[in-house]
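Here is the structure we will look at.
For clarity, every value in this text was computed on a predicted model and none was experimentally measured. Values below: every heavy atom of this structure, side chains too, minus hydrogens, waters and symmetry copies.
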Amino acid sequence: MDDAIRQRISRIYAAIGAIEEADPQKLKATVIQTEKVYGVFQDFRGGLSDDELSNQAHTVIHNIANLRDNLRRWAANNGHDKNKVDTAVKNSFELQVIQDLSDNDKHGYPPRDGGHSNKSPQLIEVNRVMRLQTQAKKGSMVALTLGPGGVPKFHGDGTAKAVVTGDVVDNVNGRIGDLYEIAIKAVEAWERLLADLGLTGVKSGT
């Protein structure tokens, strides 16, 4: 695989990994204890500011979106039809949304003619939240409780991790979807194209 493409793909997986946190020790709640009050406050932000969360979210967006032009150049230089890259974007609403969000950050909002997705998507309410997910089988479960010192304890066979995400909405604030879910599906669309182009060998760390 071309080293430049390998690096781009690795950066996508690294960016996704950077917005996920599954270590309970890094997700401690704040325990408030006085003579009259005992309470627990948990927001799963891990002390990250709004700007830091927004930077992480946009790093994921840009890394996913920027693969497009690099893949087109690679395809043209290696005997492949570069139009396959454009077709992959046309066939993936999630890739279109990610491309629009990246363009918004570079060129401003709103995008011309609704952008690639025709939805004029924008990202709002960026935060880090706990995501609990069962396995795709009957009887699977996952739960969270707080242990000593406010350290979360995860139970069951599902997955639990805090993720940086946000609401993706259109130009009248109609909800399009969850940024994290959109990003994961966009990466899956790129993975299908990479397999078609014979570009394999870089694995997700998520």
Side-chain angles (χ1 to χ4, degrees), residues 4-5 7-20 50-76 80-131 133 136 161-197 199-200 202 204-206:
I5 293 297
Q7 183 185 55
R8 287 282 177 178
I9 298 169
S10 294
R11 282 170 55 185
I12 289 174
Y13 291 136
I16 292 288
I19 65 170
E20 301 175 329
D50 289 346
D51 288 340
E52 289 170 327
L53 292 172
S54 179
N55 183 61
Q56 288 190 2
H58 283 92
T59 297
V60 170
I61 290 167
H62 290 313
N63 273 290
I64 296 173
N66 291 345
L67 184 60
R68 179 181 184 177
D69 289 340
N70 286 272
L71 277 178
R72 292 182 85 256
R73 185 179 301 109
W74 179 90
H80 292 273
D81 182 2
K82 66 180 181 181
N83 290 323
K84 282 188 174 183
V85 181
D86 297 326
T87 299
V89 175
K90 290 178 181 178
N91 290 338
S92 170
F93 178 69
E94 290 79 16
L95 277 177
Q96 294 167 17
V97 169
I98 291 292
Q99 186 69 61
D100 287 340
L101 294 177
S102 179
D103 289 345
N104 291 347
D105 196 51
K106 289 187 291 185
H107 306 301
Y109 188 86
R112 181 181 300 176
D113 299 325
H116 297 275
S117 65
N118 295 315
K119 294 291 186 178
S120 298
Q122 53 186 324
L123 178 63
I124 63 172
E125 303 294 339
V126 177
N127 204 347
R128 189 163 80 165
V129 301
M130 177 54 64
R131 180 183 175 90
Q133 186 171 6
K161 55 189 173 184
V163 300
V164 176
T165 188
D167 287 330
V168 180
V169 300
D170 60 22
N171 59 341
V172 293
N173 284 326
R175 192 173 190 274
I176 294 173
D178 173 89
L179 174 64
Y180 179 79
E181 294 177 357
I182 290 171
I184 294 300
K185 289 180 180 178
V187 172
E188 290 172 351
W190 277 148
E191 288 174 336
R192 289 191 293 271
L193 175 63
L194 293 171
D196 184 40
L197 294 175
L199 290 169
T200 58
V202 179
S204 170
T206 64

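Formation of a donor-acceptor pair under 3.5 Å by the His58 side chain with backbone atoms of Ser54 is found in this model. Remark: the backbone N or O of Ile5 is not paired with any side-chain donor or acceptor of Trp74 at under 3.5 angstrom. Judged by distance alone, the side chain of Tyr180 and the main-chain N or O of Ile16 form no donor-acceptor pair under 3.5 Å. Between the Asn104 side chain and the Pro121 main chain, a donor and an acceptor come within less than 3.5 Å of each other. Using a distance-only test at 3.5 Å, with no hydrogens or angles considered, no donor-acceptor pair links the side chain of Asp113 to the main chain of Gly115. Checking side-chain atoms of Asn70 against main-chain N and O of Asn66 turns up a donor-acceptor pair under 3.5 Å. No donor-acceptor distance shorter than 3.5 angstrom exists from the side chain of Asp167 to the backbone of Glu125, with no hydrogens or angles considered.
Between the NZ atom in Lys84 and the CG atom in Leu197 there is a gap of 6.0 Å [rounded to 0.5 Å]. Atom NE2 of His62 is separated from atom CG of Asp103 by 9.5 Å, given to the nearest 0.5 angstrom. In this structure, Lys82 NZ and Arg68 CZ are separated by 11.5 Å, a value rounded to the nearest 0.5 Å. To the nearest 0.5 angstrom, Asn173 atom CG is 10.0 Å from Ile176 atom CD1. Atom CZ of Arg11 is separated from atom CD1 of Ile64 by 12.5 Å, given to the nearest 0.5 angstrom.
Contact record, Leu101 with Val168: CD1-CG2, 4.2 Å, taken as the closest heavy-atom pair.
Residues satisfying the side-chain contact (heavy atoms from CB on, under 4.5 Å) criterion with Thr59, sequence neighbours excluded, are Ala15, Asn55, Asn63. For Asn127, the side-chain contact (heavy atoms from CB on, under 4.5 Å) criterion is met by Arg45, Leu53, Val129, not counting sequence neighbours.
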> Going through the checks in order, is the salt bridge (charged side-chain N to carboxylate O under 4.0 Å, His left out) test met by Arg175 and Asp170?
Replying inline: CA-CA 7 Å; Arg175 192 173 190 274; Asp170 60 22; over 6 Å; no
> Hey, mind stepping through Lys119 and Asp100 against side chain to side chain contact (heavy atoms under 4.5 Å, CB included) and telling me if it holds?
Replying inline: CA-CA 9 Å; Lys119 294 291 186 178; Asp100 287 340; 5.9 Å; no
>> For a salt bridge (charged side-chain N to carboxylate O under 4.0 Å, His left out) check, start with the C-alpha distance between Glu181 and Arg131, then their side-chain angles and the critical distance, and finish with the verdict.
In response: CA-CA 11 Å; Glu181 294 177 357; Arg131 180 183 175 90; 3.3 Å; yes
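Counting only heavy atoms from C-beta outward, the side chains of Leu123 and Tyr109 never approach each other to under 4.5 Å. You'll find the side chain of Arg128 stays beyond 4.5 Å of the side chain of Val163, heavy atoms only. Within the 4.5 Å cutoff, the side chain of Leu71 has heavy atoms near those of the Leu199 side chain. Contact check for Ile61 versus Asp105: no side-chain heavy atoms found under the 4.5 Å cut-off.
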Distance-only criterion, 3.5 Å: show the donor-acceptor pairs between side-chain atoms of residues 88-98 and protein atoms not counting sequence neighbours.
from	atom 1	to	atom 2	distance (Å)
Asn91	ND2	Thr87	O	3.3
Ser92	OG	Leu95	N	3.1
Gln96	NE2	Val89	O	3.0
Gln96	NE2	Lys90	O	3.0

